[in-house]
**Student:** 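A single structure is presented below for examination.
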Amino acid sequence: MAEGMLTVGLYRKFLFPRLMNCGMASPSLAQYRIATLNRVTGRVLEIGFGTGLNLEYYPEHVREIIALDPNPGMRALAEKRIASSGVNVNLTVADAQSIPFGDEAFDSVVSTWTLCSIPDVDKALREVYRVLTPGGRFFFLEHGLSGEAAVRKWQHWLTPIQRRLADGCHLNRNMRELVETLPWQVETMEEFYAEQTPRTLGYLYRGVMVK
């Protein structure tokens, strides 16, 4: 058991960050990042910062980001991007289920391909709501449960495998339902399939919620 846990820990810390970095750096995903981030303003928190793949797509007026990621193995790759970026990033190893900042601390919170892997995603969303200022916005881009029954069937079947391979990632979370449990206003919300991506992985939810 101890040896198995050690193997899982090494995979999560050393191999998975590199696999994720390669897979999520696909140029085909850039258009979705740009469309999600182009209206981010004010003091910014990004949860699930990963290896910093969003950095080059923030608007020019964003010069500082507070970034959280629970996987310490992401830091080495993230720091390379931060060093070559004009954005000042304060990167902390921390979990969105317990955001280490006070109430109403941020004007914008960003989450891209993150809510799928948080164990208690409802708690994380409550934390996002808590740290947003009144009128603050939650910008999200997530993959999740498809609108097609045939695709959903495969997503449910594949999720236990995906969770093991991709550090807890679920293919079958209905992001619209999860986000709409909180009392914010829906500014925008759309669902669509990503281009050049298998449908089980590529059903995307993109939106902006206002506190």
Side-chain angles (χ1 to χ4, degrees), residues 1-30 32-33 45-57 65-85 89-100 110-125 127-128 140-146 151-175 178 194 196-205:
M1 177 67 73
E3 184 177 348
M5 291 178 64
L6 177 61
T7 301
V8 171
L10 291 173
Y11 171 80
R12 179 175 185 265
K13 185 174 181 179
F14 295 107
L15 182 56
F16 175 70
R18 287 156 180 80
L19 293 173
M20 188 278 294
N21 185 63
C22 290
M24 297 305 294
S26 169
S28 66
L29 301 179
Y32 309 122
R33 296 184 191 275
L45 171 70
E46 182 175 337
I47 62 172
F49 186 74
T51 62
L53 288 166
N54 283 334
L55 266 181
E56 64 180 297
Y57 303 110
I65 298 169
I66 308 300
L68 305 182
D69 199 281
N71 187 341
M74 298 288 183
R75 178 179 285 274
L77 295 173
E79 286 180 342
K80 293 179 181 179
R81 282 201 173 86
I82 293 169
S84 62
S85 168
V89 180
N90 181 347
L91 177 56
T92 302
V93 177
D95 195 322
Q97 295 167 124
S98 183
I99 296 175
V110 171
S111 172
T112 62
W113 289 285
T114 294
L115 299 180
C116 61
S117 60
I118 298 175
D120 190 341
V121 66
D122 292 307
K123 184 177 181 181
L125 286 167
E127 282 287 273
V128 168
F140 65 91
L141 172 64
E142 304 288 346
H143 74 113
L145 192 66
S146 169
V151 179
R152 289 199 300 269
K153 181 178 179 180
W154 278 102
Q155 288 177 314
H156 290 312
W157 188 82
L158 290 169
T159 286
I161 302 169
Q162 177 74 1
R163 289 178 63 188
R164 292 180 65 87
L165 294 176
D167 199 19
C169 171
H170 294 68
L171 300 172
N172 59 353
R173 285 182 171 172
N174 188 319
M175 297 301 177
L178 287 168
Q196 304 175 39
T197 306
R199 291 196 162 201
T200 51
L201 291 166
Y203 191 78
L204 301 185
Y205 295 73

**Student:** Just so I know, are the side chains of Met175 and Tyr203 near enough to count as touching, which here means a heavy-atom distance under 4.5 Å?
**Tutor:** no
**Student:** Looking at every non-hydrogen atom in both residues, tell me the closest pair between Gln97 and Asp120 and how far apart they are.
**Tutor:** OE1-N, 2.7 Å
**Student:** Output yes when a side-chain donor or acceptor of Glu46 lies under 3.5 Å from a complementary backbone atom of Ile66, and no otherwise.
**Tutor:** no
**Student:** For the atom pair CG (Asn71) and CG (Asp95), what is the distance rounded to the nearest 0.5 Å?
**Tutor:** 11.0 Å
**Student:** Take Phe16 and Leu165 through the side chain to side chain contact (heavy atoms under 4.5 Å, CB included) test and state the conclusion after the steps.
**Tutor:** CA-CA 8 Å; Phe16 175 70; Leu165 294 176; over 6 Å; no
**Student:** Any chance you could measure Phe140, atom CZ, to Leu178, atom CG, to the nearest 0.5 Å?
**Tutor:** 10.0 Å
**Student:** With a 4.5 Å limit on heavy-atom distance, are the side chains of Tyr205 and Leu145 in contact?
**Tutor:** yes
**Student:** Please give me the minimum heavy-atom distance between Val89 and Ala67, naming the atom from each residue.
**Tutor:** CG1-CB, 3.8 Å
**Student:** Taking all heavy atoms of Lys13 and all of Arg18, pick out the closest pair and write down the distance.
**Tutor:** O-NH1, 4.4 Å
**Student:** Could you walk me through whether Gln155 and Leu201 pass the side chain to side chain contact (heavy atoms under 4.5 Å, CB included) test, one step at a time?
**Tutor:** CA-CA 8 Å; Gln155 288 177 314; Leu201 291 166; over 6 Å; no
**Student:** Which heavy atom in Asn172 sits nearest to a heavy atom in His156, and how many Å separate them?
**Tutor:** ND2-ND1, 3.0 Å
**Student:** Which distance, rounded to the nearest 0.5 Å, do you find between the CG of Leu91 and the CD1 of Ile65?
**Tutor:** 10.5 Å
**Student:** Please identify each residue that fulfils side-chain hydrogen bond (donor to acceptor under 3.5 Å, both in side chains) with Arg81, with sequence neighbours left out.
**Tutor:** Asn21, Thr51
**Student:** For residues Thr200 and Leu171, report the shortest heavy-atom separation together with the two atoms involved.
**Tutor:** O-CD2, 3.8 Å
**Student:** Please indicate whether Arg152 has more than 12 foreign heavy atoms, meaning atoms of other residues, nucleotides or ligands, lying under 6.0 Å from its CZ.
**Tutor:** yes
**Student:** Side chain of Thr92, backbone of Ala94: donor and acceptor closer than 3.5 Å?
**Tutor:** no
**Student:** Just wondering, do Ile99 and Leu45 contact through their side chains at under 4.5 Å, heavy atoms?
**Tutor:** yes
**Student:** Supply the atom-to-atom distance Lys153 NZ to Leu158 CG, rounded to the nearest 0.5 angstrom.
**Tutor:** 12.0 Å
**Student:** Measuring from Phe49:CZ to Met74:CE, what's the distance to the nearest 0.5 Å?
**Tutor:** 11.5 Å
**Student:** For Leu115, which of Arg173, His143, Glu142 qualifies under side chain to side chain contact (heavy atoms under 4.5 Å, CB included)?
**Tutor:** Glu142
**Student:** Going by atom types only, do Asp167 and Ser117 share a side-chain donor-acceptor pair under 3.5 Å?
**Tutor:** no
**Student:** For the residue pair Tyr32 and Ala194, what are the closest heavy atoms and their distance?
**Tutor:** OH-CA, 3.5 Å
**Student:** Applying side-chain hydrogen bond (donor to acceptor under 3.5 Å, both in side chains), can you list everything that pairs with Ser98, at least two apart in sequence or on another chain?
**Tutor:** none
**Student:** With a 3.5 Å distance limit and no angle check, can you tell me whether Arg12 reaches the backbone of Ala166 through a side-chain donor-acceptor pair?
**Tutor:** no
**Student:** Find the distance between CG (Leu68) and OG (Ser111) and round it off to the nearest 0.5 Å.
**Tutor:** 11.0 Å
